[in-house]
Amino acid sequence: MRTRGGAREPGRSRPYAAAALGGAVLVALVLSVVAVAMGGAAGAAPGPAHTLSVTLAGTGNPSADRTYQLSCEPPGGDLPDAPAACARLDELARAGWSDAFDPVPPGTMCTEIYGGPETARVTGTWGDRPVDARFSRVDGCEIARWDALDPVLPAPVS
């Protein structure tokens with residue numbers, strides 16, 4: 001209600017103003033929910049591909065000398081403990097190791113420790129990058145590279 005001078009009486013408001021405000025809030029809420037639902041479904045772009053082939057040789061275990069498949073997001077394939085392998089690769093990426101598959105840089109000083117005859121080749125796609133990496137255990141640097149990728153590259157059989 002208004003007083004004679006046109007001012008509103010304290011404590012009084014128009015009932016339709018409150019209803020209009022409540023309706024506007026409801027419409028905004030519904031639109032927000034619809035936008036989130038559409039963005040999470042059909043509008044979402046697929047994530048990067050994480051699919052690798054891991055070929056192991058010289059492990060001393062004939063059943064382990066073979067090619068395994070690993071896919072992530074969601075973890076799958078026949079690599080033993082695929083979820084842990086995907087988690088390790090994600091952990092390395094978060095830690096700033098830009099490419100876990102890079103070779104040892106030329107000129108790097110490495111200890112002359114022989115870690116065994118095991119070799120591995122990893123091919124495929126990690127994120128938006130192609131992967132074609134070779135691993136061995138011929139010196140300290142190569143052993144460290146191999147061990148950093150456990151369980152993608154399993155520990156050698158002793």
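The chain is numbered in sequence order, starting from 1. A quick note: this is a predicted structure, and the numbers were derived from the prediction, not measured.
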Grab the two heavy atoms, one from Ala85 and one from Pro151, that are nearest each other, plus how far apart they are. N-CG, 3.6 Å
Applying side-chain hydrogen bond (donor to acceptor under 3.5 Å, both in side chains) to Thr125 and not counting sequence neighbours gives none
According to side-chain hydrogen bond (donor to acceptor under 3.5 Å, both in side chains), who are the partners of Thr123, at least two apart in sequence or on a separate chain? none
Interatomic distance, Glu118 atom CD to Arg137 atom CZ [nearest 0.5 angstrom]: 5.5 Å
Within this structure, what is the CG-CG distance for the pair Leu79 and Leu52, rounded to the nearest 0.5 Å? 9.0 Å
Any side-chain heavy atom of Arg129 within less than 4.5 Å of one from Phe101? no
Nearest heavy-atom contact between Ala100 and Phe135 is O-CZ, 4.2 Å
Qualifying residues under salt bridge (charged side-chain N to carboxylate O under 4.0 Å, His left out), relative to Asp78, sequence neighbours excluded: Arg66
Salt bridge (charged side-chain N to carboxylate O under 4.0 Å, His left out) with Asp150: which residues, sequence neighbours excluded? none
For the SG atom of Cys141 and the CD atom of Glu112, what is their distance to the nearest 0.5 Å? 11.0 Å
What residues, two or more places apart in sequence or in another chain, satisfy side chain to side chain contact (heavy atoms under 4.5 Å, CB included) together with Asp65? Thr59
Considering only heavy atoms from C-beta outward, does the side chain of Leu149 approach that of Val122 to under 4.5 Å? no
For Thr111, enumerate each residue passing the side-chain hydrogen bond (donor to acceptor under 3.5 Å, both in side chains) test, keeping only those at least two apart in sequence or located in another chain. none
Of all residues at least two apart in sequence or in a different chain, which pass the side chain to side chain contact (heavy atoms under 4.5 Å, CB included) check with Thr51? Ser71
Among all residues two or more places apart in sequence or in another chain, which pass the side chain to side chain contact (heavy atoms under 4.5 Å, CB included) test with Pro154? Leu56
Residues which pass side chain to side chain contact (heavy atoms under 4.5 Å, CB included) with Pro83, listed by chain and number, not counting sequence neighbours: Pro75, Asp81
Minimum heavy-atom separation for Trp146 and Ser136, please, with both atom names. CE3-O, 3.9 Å
Is it true that Arg88 and Glu91 make a salt bridge, defined as a side-chain N closer than 4.0 Å to a carboxylate O? yes
Could you measure the distance from the CH2 atom of Trp126 to the CG atom of Leu92? Nearest 0.5 Å is fine. 9.5 Å
Please tell me if the side chains of Val104 and Glu142 come closer than 4.5 Å, counting only heavy atoms from C-beta onward. yes
Can Val131 be reached from Val152 by stepping across I, L, V, M, F, W or Y side chains whose heavy atoms are under 4.5 Å apart? yes
Rest of the hydrophobic cluster containing Met109 (Ile/Leu/Val/Met/Phe/Trp/Tyr, side-chain heavy atoms under 4.5 Å)? none
Find the distance between CG (Asp132) and CZ (Arg121) and round it off to the nearest 0.5 Å. 4.0 Å
Students should find that the hydrophobic cluster of Ile113, defined by side-chain heavy atoms under 4.5 Å apart, otherwise consists of Ile143
Under 4.0 Å between a Lys/Arg side-chain N and an Asp/Glu carboxylate O for Asp139 and Arg145? no
To the nearest 0.5 Å, how far apart are CZ in Arg134 and OG1 in Thr55? 9.5 Å
